[in-house]
Every structure is written in structure tokens, then in C-alpha cells.
Amino acid sequence: MARVSVGGPGENGVVRIVIAGDGPGWATLIDPDTGARLHTVRRAELPALVSKLEGQRPRWVWHDTREWAPGFLAAGVRVERAHDLRLAGAILEASDVAAEARRAVEGRPPWLRRGPAEAAALGVADDVPGPDRSGSVPAATLFDDWATAGDATAAHPLAADPMAGHPVADEVVGSAAESPDALVAEYRRQCAVIDASGQPGRLRLLLAAESAGALIACELTAAGVPWSADEHRRVLEGELGSRPFGFGKPARMLELAGEVRAALEAPRVNLDSQADLLRTLRAAGLAVDSTSKWALRRLDHPAIRPLLEYKRLARLLSANGWAWLDEWVADGRFRPEYVPAGTASGRWATSGGGALQLPKQVRRALVADPGWRLVVADAAQLEPRVLAGLAHDTAMAAAGRGRDVYAGLVDAGVVGSRDEAKYAVLGAIYGATSGESGRLVPRLARAYPRAMALVDRAAADGERGRRVTTLLGRSSPVPGADWRALQARASQPDASSADERRARSAAREWGRFTRNFVVQGSAAEWAVCWMAALRGRLATIGAGRPATTPAGASGPVFARVPHLVYFLHDEVIVHTPAEHAHTVADAVRASAAEAGRILFGTFPVEFPLDARIVESYADAD
DNA sequence: TGGGCCCGCGCC
DNA sequence: AAAGGGCGCGGGCCCA
């Protein structure tokens, strides 16, 4: 290709280019501002073209990151920035921040862009200036066309509720049609909604971060988690005995099942059947109404010890046994498929492989390649720190400065022990009303009234069926028809006390969900910003080294350069050549600080990490 | 036979 | 020791 043309400049001069499928085997690149078709190429030629254009550092606009990024990665091409129309559309459709703007944009020619002045005229609350960020923000390469100073840290979304009493749409926008024109139209519509929202910087930051997450998810799958099948087999054989032939149970489980049956005098009981087991336990005179291990543990009977051991092994076998190994691990890599923002709160999910539930037992199989290391880092007490930042609770932030948050609560005299501090904090975030945790919450409320007021407000909104919103503008779903019907029935004059009790219980349950949503969802935003910042820093650590070496197990994109291989809510693992490990650990910490500044400006809340350089994940605890 | 439900339990 | 929020997954079981 002789001369490469690019799309027009967007925010802060960053070029945007729409990529759309254009008939079978073809792809078209479009300037979203003019609608001009820049290039139409065969899909096989697309990675090379994208690689060339990537020098302009554009933001690639496409329907779904999963549609394009895996092919680019397979061809050895990574892109820096994207706008995922599918993810962005879902967020914009639900966000209370954009509720007014959605209605305003609808029905108008989508290419008519609006500015903040018009949004103000629509009655949408203006951005409230956030903390002073001057001088503290580094070049945030992923976000520099999106985050406009200040408004990402606008007053907490719960502080004002401009949408109170307004009906809200709860359907999620359908996927954009595949045609190039439809994609461009949808992109323009989204831009118009963002511009009219009154808080465009906040939403742009959220969408940029989510789109970066979508790229990262594809890269995680492409890189794979370094996994020693031999080490995994050693774990299985140590626990279960040798692998059974066919569908038989491992020898160790058969022995234990024999002990249980003998102790219960029930030679035919099926230990894998919850119903059968419960019946048998009761027939043996045990007062129990569940076969959960917590319920069983309370019982005093010779069958219990072998039964608990049997259940532990059965779990290992079915969740992460030999069949799992056969299905998910190949060529020294475990390749789960992540679903970014797959949960309501924005936390990630997985589809297949159970990557978010890797039990501690098998983590010793997660080992670095020879000559490589794992940098394992998790954010210490992320949720309470995020809550302190959300609520601008300076006392709570101070408790965690330079130390463990829970230790800080003890030092401040709020509670007597670290365990009590943990239960109190988790109880406040999850909505505990009873038990040890519920008993401790009032002490937390006295010490940190701002933080407590924030989660209480979120719970109260949820109990009334309202949406609540995270720091960057992701709103919770509204409860379903069954829930609304329950509430409606309870408010009828002839409602029974049972109706009222049921409605009250459902309302409280939804309130616990929304209470947790604002904290969990904002923490998820911190985490994806952390990862996006880290991804940018890692790219510079490997820069200048030969990027294409004989393809290793990780593929040419990741050969010889540090790269993310695992993400778990508040924890990341980077696989890195040993000589870069300390540089990577520094980058991980710097990225956490950067995420804190992006979300909370100069508000003095810290995000310390537990970071370790290890050869096996099992050594990181 | 397959879908959908519940249960139990792994992770945060 | 369990409690409060969020998940995914496998097994049993019921039903069409």
C-alpha cells in the first residue's frame, strides 16, 4: 500500500477509525467524521494495514473487540486504543448519567453533535469540579483523548439524583448492525449521547477503560496462563491417587465412600446426590437440613470426617481434575475465555475454564517458563479504599494510609482486633444485619459517617427500585417484574401481612445488591484502569527488544516481552523475562497509583499492593 | 435427550 | 464459625 490515509482527529486530536466488515472476506476503514471510506481490503490484509496505521495511535472503533483483536494478535499486531460499540452501547443505555441525553438524542439525525451548552439547556446537571489534578497526572497514554481534567471525579453520583421519579429504560441496546454505515451511525449516536450527558469526561473515561479491558481480555486469552500439566497431575495424584480408567472414581474416593457408607449403615447411598445423602443422614438420626460442609461440620458422627474429605476430593475431581486438564490446558498454556464487564457491576466473568475460581490447591501448577518469572500483585483491601474515595471520607482514607486498612481501624480505636475490623467493613459493604458482622457495623458508622452514608443511600435507593451508579457512571439494573409486582401488591389496602413481609424482604435484598454495587462496581473500574495503565507501561519495558522471535508457546506478540496473563478482580499476574521482573513490579505499583489518580484525583486515598516475584503462583501467598 | 432448576462450593 | 454482595461450574434430578 503506497499511501495510507487516516480518519479525522477526535478528542484532543486523536484520530478515530471505524473498522467494519464489508461483505464476506472484506473489511472497510471509515473516517467517522466525514463518513469517507479510507480503505477496503481483504481481511487477510487487514492486520498489516492496521499495524501501519497504528503508528498514528488512532482509537479503533468497532462493533465488538472479540471480532477483530484475536485475528490481529494471531498476526502479531497489537493495537493501543479501541472503542467497543457493544460494551459502550450497553453502558450508555443503562447509565443514569446519560438518561436525559438518551432521550434528547433519540429521533434526531445522529450526525448532529451536541455540546455541553445544549446539555445544560436540557437540564442535565453540570459537572461538578473534582479535586485538583494539576501537576499530578502523568501522561496517561490510554486515556489522553478521553479524560478531561476534573469531571471524572465529579461529586458522587449518589449525592444528587436528577432522575428521581423519571421512568428508566431497562433494555440493553441491541448489537449494531454489521454494515459500515450502521456502525458509523451508531458511533455518532454514542458520541452524541456522551456529549449531551453533562458529564462527558466521566463517561468517556469509563468507555475508554472498558474498551481497554476488552483488548486486554483478548490478549490474556492469546497469551494464555503458563501452566505445568505435570505439576497439576502431581497434585491430582497426591490427593486422589492415580487417574482412574474410563468413568470410574479414583481409588481414594472409593475408600472414603466405603467408610461413610459403613458408618451410616447405608451400603447403597449415593454421596453425589444431595437428596439421597440428606435422607440418609436424617435416617441415621442426625438433625441436619443441608449437606453443606458448614452444616456437616457441626455434627458429631463417625461418618462426617470421611464424608467431608470425600466432598473435598469430589470437588477437586469435577472442577479441576484430569478432564479439566484435557480440555483447557494445551502446550503449556491454560486459555480461559474472559468476559469483560460480564457481570452487572462491571466485574469480569469467564465463560469456560473457571479461571476466576482457580482453587488454591492447583495454583502450584501455574508456573513461569524457564528463565521467566511471575509478578503476582493484588490490591490490599481494595473495596474499603474505593469506598473511602467514593465518599470522600478523609478519616477512612487516613486509616489506610501507609498501612493495612484493618490495622488502621484498630489503631483508631474503632474496633478491637483486625478480624473485627474486617467483619465490620465487609458487613457495611455487603449489608450484614445480623451476627458478629452486623453487630460491628454501627461502630464503623460512628467512626466513618460519610462512608456509611454513601452505602446506606445506595441501599435505600435500591429498596425503592431506583438505579444506583458507580464512580465512572455505570448504573445498576432495575429490579424485574416479579419484584415490582411484589411491591405493588404490598401497597394495596388489602395487602396481607405476609404480602408486606415478602415485599419488605425482597426490597431489602435488592438494597443489599445496590449497596454492594456502588462499591464493587467502582472497585472494578479502579481495577480495569490499573490494568490498562499497566498494559501501557509493560509495552515500553519490552520496547527496543526483538519483538519477533521464533514463535514460543505465547506466540510472537508476547515472546520475550512482559505481558499480563491473569486477572482476578483485584489481582493481576504478569509473566516476564526474569531480567525485567523488578522493573515490572515497579510498573505494577506505579500503575496502581496512576489508577488512583485517574479515579480520585488528589483525594488522599492510597492503593498499596502486595506484589511478589515468584516462579509459582503457589509461592505468592 | 436436552433444558432448566437446585444445591454445593471454589474464587473475589 | 458464619454472615452479608458478586460470580461459574458440575452433578443430580425433574420434566417435556
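Please read these numbers as outputs of a predicted model, since none were measured by experiment. A, B, ... follow the sequence lines: proteins, then strands. Residue 1 opens every chain.
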Q.
Taking any heavy-atom pair under 4.0 Å as a contact, classify A/Arg439: base, sugar-phosphate, or nothing.
A. nothing
Q. Does C/dG4 adopt a syn or an anti glycosidic conformation, taking syn as a chi angle within 90° of 0?
A. syn
**Q.** Contact pattern, 5' to 3', of nucleotides 4-11 of chain C - B, S or - by protein heavy atom under 4.0 Å
**A.** BBBSBSSS
Q | Nucleotide B/dC12, atom P - distance to CD of A/Glu571 in whole Å | A | 7 Å
Q) Could you give the OH-to-P distance, from A/Tyr423 to C/dA1, as a whole number of Å? A) 9 Å
Q: Report the residue from A/Trp328, A/Trp324, A/Tyr617, A/Tyr566 that forms a ring pair (Phe, Tyr, Trp, His ring centres under 6.0 Å) with A/Trp227.
A: A/Trp324
(Q) Base, sugar-phosphate or nothing for A/Glu436? Non-hydrogen atoms, less than 4.0 Å. (A) base
(Q) If I take atom CZ in residue A/Phe567 and atom P in nucleotide B/dC12, what distance separates them, rounded to the nearest angstrom? (A) 13 Å
(Q) Less than 4.0 angstrom from a charged side-chain N to a carboxylate O is my criterion; do A/Arg233 and A/Asp230 meet it? (A) yes
(Q) Side chains of A/Arg373 and A/Val614, heavy atoms from C-beta outward: is any pair under 4.5 Å? (A) no
Q.
Could you tell me how far apart A/Arg297 (CZ) and B/dG8 (C1') are, to the nearest whole angstrom?
A. 13 Å
Q. Which whole-number value in Å describes the distance from A/Lys311 NZ to B/dG10 C1'?
A. 13 Å
Q.
Main chain of A/Pro336, side chain of A/Thr221: is a donor-acceptor contact present, judged purely on distance under 3.5 Å?
A. yes
Q | Pair A/Asp331 + A/Arg333: basic N to acidic O under 4.0 Å | A | no
Q.
Just the rounded figure in Å: distance from P of B/dC12 to CH2 of A/Trp530.
A. 13 Å
Q.
Taking the axis from the first five pairs and the axis from the last five, what angle separates them in the helix from B/dT1-C/dA16 to B/dC12-C/dG5, rounded to 10 degrees?
A. 0°
Q. Is A/Arg612 salt-bridged to A/Asp378, cutoff N-O under 4.0 Å?
A. no
Q.
Strictly distance-based, threshold 3.5 Å: is any side-chain N or O of A/His569 a donor or acceptor partner for the main-chain N or O of A/Trp348?
A. no
Q: Check the distance between C/dG12's C1' and A/Leu271's CG and give it to me in whole angstrom.
A: 13 Å
Q. Is any side-chain nitrogen or oxygen of A/Ser273 closer than 4.0 Å to OP1 or OP2 of C/dC13?
A. yes
(Q) Assess whether a salt bridge exists between A/Asp461 and A/Arg515, defined as any Lys/Arg side-chain N lying under 4.0 Å from an Asp/Glu carboxylate O. (A) no
**Q.** Nearest-angstrom distance from the residue atom CD of A/Gln274 to P of B/dC5
**A.** 18 Å
Q: Report yes if the side chains of A/Leu564 and A/Leu534 come closer than 4.5 Å at any heavy-atom pair, otherwise no.
A: yes
Q: Give a yes/no answer on whether the side chain of A/Lys293 brings an N or O atom under 4.0 Å of OP1 or OP2 in B/dG10.
A: yes
